[in-house]
2 protein chains.
Amino acid sequence: MLSKASEYAIRSLVYIAVKNRDGLRPGYREIAREIEAPEQFTAKILQTLVRQKLLMSVRGRGGGFFFDPQSKPLPLIEIINAIEGYKLFTRCGIGLSKCSDENPCPIHNQYAIIRNQYQDLATKTTINTLAKKIIDGDAVLNRLI
Amino acid sequence: MLSKASEYAIRSLVYIAVKNRDGLRPGYREIAREIEAPEQFTAKILQTLVRQKLLMSVRGRGGGFFFDPQSKPLPLIEIINAIEGYKLFTRCGIGLSKCSDENPCPIHNQYAIIRNQYQDLATKTTINTLAKKIIDGDAVLNRLI
DNA sequence: ATAATAAAAGACAAAAACATCTTTAATTAA
DNA sequence: TTAATTAAAGATGTTTTTGTCTTTTATTAT
C-alpha cells in the first residue's frame with residue numbers, strides 16, 4: 001500500500017498531465033482542490049518532485065506546474081521512489097531482514113511473485129497511461145475534470 | 001506492505017506454533033528474542049491477539065503462549081485484520097475514496113487483480129502452513145529454531 | 001504462606017507520517 | 001515600478017505507529 005504522500009503525488013501528476021494537454025499549468029491550490037488532497041501538503045510534495053526533476057514549475061502570475069514536453073513518459077515507480085523509496089518492492093513479506101530467494105522466509109516464494117507483479121505494474125504504468133484514461137472517460141480522478 | 005506490528009504478530013505466532021509441537025509454551029521474552037522483535041512491543045501485540053481469542057496464554061511460572069489445540073487453522077488475514085484491519089485489501093491503489101469496479105480510478109483494473117491475489121494468499125495461508133515450512137527446513141525465521 | 005515467575009495493564013516516550021502556517025523569492029501584468 | 005500572483009522554504013503542529021517503563025495480577029513451586 002502506498003503512503004498518502006505517494007498517492008497525492010500520483011494523483012497530482014495525472015491531473016497536471018491532463019491540464020497540460022490543454023496548454024494549462026495548474027497551481028497547487030487548484031490541484032489540491034481537484035484531487036481532494038490537503039493544500040499545503042500537496043505543495044510540499046510537488047516541491048519535492050520539482051527538486052527531483054520529475055516535474056517543472058514556474059513562479060509568479062500565470063505560473064504553475066507542468067511537464068517538460070521533452071521528457072520521457074514517467075513511470076509510477078519513479079514517483080514512488082522519489083517520495084518513499086523502493087522498500088515496498090524489496091521488503092520481506094513478514095519483515096525478515098535477510099529474506100531472499102536463497103534464504104527464504106516461509107511465505108517468500110508466494111509473496112515475491114505478487115510483489116514483483118506490483119513492481120512490474122508500477123514500472124510499466126506511466127502518468128500518461130493514466131492521464132489518457134481520464135481523458136477518454138474510462139476512469140475518474142474523484143472530481144471529474 | 002504489512003505494518004511492523006502485523007509482521008511481528010505473524011512471526012511470533014509461527015514461532016509459538018513450532019514450539020507448541022514440542023509441548024512448549026514460549027514466553028514473550030523468548031519469542032521476541034528469537035524473532036528479533038522489540039520485547040515489550042511484542043508483548044503488547046500478543047496481548048491483543050489473546051484478547052481477540054486468536055491465541056491463548058497462561059500467567060505465572062511455567063506459563064506462556066499457545067494455541068488452543070481445538071482451534072481451526074489460523075489464516076494470516078485474520079491476524080492482519082486483528083492488528084491493522086482490512087484496509088490493505090480494500091484501499092484504492094491511488095487513494096480515491098470512491099474507487100470501485102463501477103467507478104474505477106485509472107489504475108483500478110490492474111491494481112485490483114494484484115490486491116485480490118494478495119488477499120487470496122493471506123486467506124489461504126495459515127500459521128500452520130508456515131510453521132510446517134520452518135520445521136521441514138524449507139524456510140527460516142531469522143534465528144534458526 | 002511465600003517467593004519466584006510470567007502475562008496483563010497502564011502510562012509514557014520516540015519516531016515517522018501527515019499536515020499547516022508564515023515568510024520569502026520569483027514572475028508578470030498594469 | 002508597483003501590485004498581484006504564485007511557488008519555495010522554513011518552522012511548527014498533529015496524529016499514528018512504534019517502542020519502553022513500571023506496576024499489577026495470576027500461577028506455581030517450595
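Letters A, B, ... mirror the listed sequences (proteins, then strands); counts begin at 1.
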- Message: For a 4.5 angstrom cut-off between non-hydrogen side-chain atoms, does A:Leu74 reach A:Thr126?
- Response: no
- Whole angstrom is fine here: how far is it from CD in B:Gln40 over to P in C:dA6? 14 Å
- Task: Check the distance between D:dT23's P and B:Gln47's CD and give it to me in whole angstrom.
- Result: 17 Å
- Query: Tell me: NZ of A:Lys4 to C1' of C:dC18, nearest whole Å?
  - Reply: 8 Å
- Which of residues 86-99 of chain B sit near DNA chain D, with a heavy atom under 4.0 Å from it? none
- To the nearest angstrom, the CD-P distance between B:Glu39 and C:dA7 comes to 10 Å
- Item | From B:Leu24, B:Val58, B:Leu55, residue fulfilling side-chain contact (heavy atoms from CB on, under 4.5 Å) relative to B:Phe66 | B:Val58
- Taking for each residue the nucleotide of DNA chain C bearing the nearest heavy atom, is the 5' side occupied by A:Pro38 or by A:Gly62? A:Pro38
- Note on the structure: Against the side chain of B:Tyr28, the closest entry in D:dA9, C:dA7, D:dT18 is C:dA7
- Message: Taking the nucleotide of DNA chain D with the nearest heavy atom to each, does B:Gly63 or B:Phe41 sit closer to the 5' end?
- Response: B:Phe41
- Message: Nearest whole Å is fine: how far is C:dA3 P from B:Arg61 CZ?
- Response: 13 Å
- Message: Can you measure B:Gln52 atom CD to C:dA8 atom P for me and round it to whole angstrom units?
- Response: 13 Å
- Any N or O donor-acceptor pair linking the side chain of A:Lys44 to the base of D:dA9 at under 3.5 Å? yes
- Give a yes or no answer on whether the side chain of B:Asn20 reaches the backbone of B:Phe67 with a donor-acceptor pair at less than 3.5 Å. yes
- Shortest non-hydrogen contact from B:Cys105 toward B:Cys99: N-SG, 3.4 Å
- Does the side chain of B:Glu30 pick up a donor-acceptor pair with the side chain of B:Tyr15 at under 3.5 Å? yes
- Task: May I have the step-by-step check of side chain to side chain donor-acceptor pair (under 3.5 Å) for B:Gln119 and B:Arg115, ending in yes or no?
- Result: CA-CA 6 Å; B:Gln119 175 161 19; B:Arg115 204 180 55 183; over 6 Å; no
- Using whole Å, report how far CG of A:Leu46 lies from P of D:dT6. 15 Å
- Output yes when at least one side-chain N/O atom of A:Arg51 is less than 4.0 Å from OP1 or OP2 of D:dA9, else no. yes
- Task: Respond yes when some side-chain nitrogen or oxygen of B:Ser57 is under 4.0 Å from OP1 or OP2 of C:dA8, and no when none is.
- Result: yes
- Value in whole Å for how far the P atom of C:dA17 lies from OH of A:Tyr8: 14 Å
- Message: Let's test your reading of the model: under 3.5 Å, does the base of C:dA25 pair with the side chain of A:Arg59 as donor and acceptor?
- Response: yes
- Note on the structure: Taken in chain and number order and not counting sequence neighbours, the residues that satisfy side-chain hydrogen bond (donor to acceptor under 3.5 Å, both in side chains) with A:Thr42 are none
